[in-house]
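A short worksheet on the structure shown next.
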Amino acid sequence: MVELELTVNEKTYKLEIEPDERLIDVLRRRLGFTGTKEGCGEGECGACTVILDGRTVNSCLVLGVQAHGRKIITIEGVGDRRRPHPVQRAFVEEGAVQCGYCTPGMVLSAKALLDKNSDPSPQEIGVAMSGNLCRCTGYDKILRAVQRAAREVSGK
Amino acid sequence: MQFFQARNVMEAVERAGPGSYFLAGGTDLALQLREGKVKPQVLVDLSRVAELKTLNASGGCLEIGSMMTFAELGSSELVRTKANALWLACQSMGSPQIRNQATIGGNLGNCSPAADGLPPLLALGAEVRLVSRRGEETVSLAELLKRRPLLQEGTLIKGFLIPDQGWKSGFAKLGRRRALAIARLSLGIAVKSEGSRAKKIRVALGAVGERAFLSEALAEMLEEREMDETWLEAAAAGAQQVVASALGSRASAPYKQAAVAGVMREALASLAGGEELNGG
Ligand SMILES: Cc1cc2nc3c(=O)[nH]c(=O)nc-3n(C[C@H](O)[C@H](O)[C@H](O)COP(=O)(O)OP(=O)(O)OC[C@H]3O[C@@H](n4cnc5c(N)ncnc54)[C@H](O)[C@@H]3O)c2cc1C
Ligand code: FES
Ligand code: FES
């Protein structure tokens, strides 16, 4: 076992994990952040996306030990029903959520983009969302939702 | 399995011995661990080694630390102007999440046939800095890729040196990593020109055979010539010959031989960089 100290959604946790335990398992099983979803488990679908020190990563490909001393944002740290993030509101308003399995990852990719660039071009949005797959909605709705959120965030 | 987080290169190399693996971004290693394809006794994490996270241009070289991620390299103006082929490869590699995590050192360490970083680095004439308990070594990437195994036990890839001599470079690829091996192809090219005349060329192919390689035959065919329409056609036809002879009778040969002409044209159309210095 290895000691791990990490910050999730601005709260610090100390725990012991196996060296080959994946970050997604640490988040879901040990810490209960079950909003992080496992789709493919091999870096292809983006359902497990979290923000690690400001950048999106696939938590199914990160070992827990790699998060030592670092800051993570999961979907639970973005907003909730009572106080949704502009991206979450825009997803609902544009009908960009169906089964919802891909949504946490999508929202985190969009948030990471808007945190850095509040006025992205459609092309920049396309690139930022390209690591997140959705089996249900058309991507149009998702891209429109991100555009809508961008307008709100940038006040345009 | 033991886990060790190294704070500097010395510590990392000291802990690396039989059965140890270096851990960079983990985008290859995490899956290989999970599938039981590798069973390390010790995992030596490099994420805290600041010496490996460097990028600078000095002494006529662009120096890239092995722990630089594809996202970092792909958003660097220095890389775009000095090593356009590599910069282009960084834009199309994986997905944003993969690029945020995957390192250039891990790309060489894993050394898959379709590793996107290798054809650009070969075309740019990169040297690789290696370090182990036995000492340090600097070797051209082209030579290193001929070694079996690639790295001796406990050898750390410290970084890459790209000579800054006013070469233009370009890159193009076909197919994603998960596409059938038959549908993948990548090409890096660098040209040192005088006016419209190509003086020196380096061309490297990826996903054509087991590892990326430089084609000296193709370079010779294209050097000391005007870069006109005929030359472009010769480049496309020459690339087809190289692919045909590298793949022989393998099933992917006809498809890749046809496809490489377009990939070559695209790579040539993407040539850029190297303007600042002339005659170096
Ligand atoms: C969904 C997905 C898509 C991908 N798409 C692409 C793609 O388009 N193009 C592409 O080229 N690759 C792709 N890859 C493969 C992978 O992301 C790259 O090979 C990446 O560069 C590996 O870097 P890493 O830092 O994650 O390496 P790791 O997984 O940490 O390490 C890989 C190997 O290299 C060794 N190693 C790492 N660093 C060093 C070092 N400094 N010295 C010595 N040995 C070292 C490790 O021990 C290990 O054996 C993809 C992977 C996934 C999961
Ligand atoms: S579950 Fe991690 S990318 Fe699909
Ligand atoms: S809403 Fe079902 S996968 Fe995207």
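Convention: sequence-line order gives letters A, B, ...; per-chain numbering from 1.
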- Message: Does any backbone or side-chain atom of B/Leu23 lie under 4.5 Å from a heavy atom of chain A? Answer side chain, backbone, both or neither.
- Response: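 It is the side chain, since no backbone atom gets that close.
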
- Below 4.5 Å from any heavy atom of chain A, which atoms of B/Ala24 appear? Answer side chain, backbone, both or neither.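 For B/Ala24, the contact with chain A is made by the backbone alone.
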
- Query: Do A/Leu63 and B/Leu33 pass the side chain to side chain contact (heavy atoms under 4.5 Å, CB included) test, and can you show the C-alpha distance, the side-chain angles, and the key distance before you say yes or no?
  - Reply: CA-CA 10 Å; A/Leu63 297 181; B/Leu33 281 172; 3.9 Å; yes

- Portion of A/Val62 that has a non-hydrogen atom of chain B nearer than 4.5 angstrom: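 Both parts, heavy atoms under 4.5 Å.
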
- Taking atom CE of B/Met10 as the centre, does the number of heavy atoms from other residues, nucleotides or ligands within less than 6.0 Å exceed 12?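 Result for CE/B/Met10: open.
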
- Check B/Ala30 against A/Leu61 and note the closest heavy-atom contact, atom names and distance.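 Closest heavy-atom pair between B/Ala30 and A/Leu61: CB-O, 3.3 Å.
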
- Please report the closest heavy-atom contact between A/Pro19 and B/Leu43, naming both atoms and the distance.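 The answer is O-CD2, 4.4 Å.
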
- Query: For chain B, which residues of residues 85-95 of chain A have at least one non-hydrogen atom nearer than 4.5 Å to it?
  - Reply: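 Listed by number: none.
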
- Item | salt bridge (Lys or Arg N to Asp or Glu O under 4.0 Å) contacts touching residues 84-95 of chain B (sequence neighbours left out) |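 Not a single pair qualifies under salt bridge (Lys or Arg N to Asp or Glu O under 4.0 Å).
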
Can you check whether chain B and chain A share any donor-acceptor pairs under 3.5 Å, and give the atom names and distances if they do?
from     : atom 1 : to       : atom 2 : distance (Å)
A/Glu42  : OE2    : B/Arg178 : NH1    : 2.3
A/Glu42  : OE2    : B/Arg178 : NH2    : 2.9
A/Glu44  : OE1    : B/Arg176 : NH2    : 3.0
A/Glu44  : OE2    : B/Arg177 : NH2    : 3.4
A/Thr49  : OG1    : B/Gln97  : NE2    : 3.0
A/Arg55  : NH1    : B/Asn100 : OD1    : 2.9
A/Thr56  : O      : B/Asn100 : ND2    : 2.8
A/Thr56  : OG1    : B/Asn100 : ND2    : 3.1
A/Leu61  : O      : B/Gln101 : NE2    : 3.3
A/Gln66  : NE2    : B/Ala24  : O      : 3.0
A/Gln66  : NE2    : B/Gly25  : O      : 3.0
A/His68  : O      : B/Arg48  : NH2    : 2.3
A/Asn132 : OD1    : B/Gln97  : NE2    : 3.0

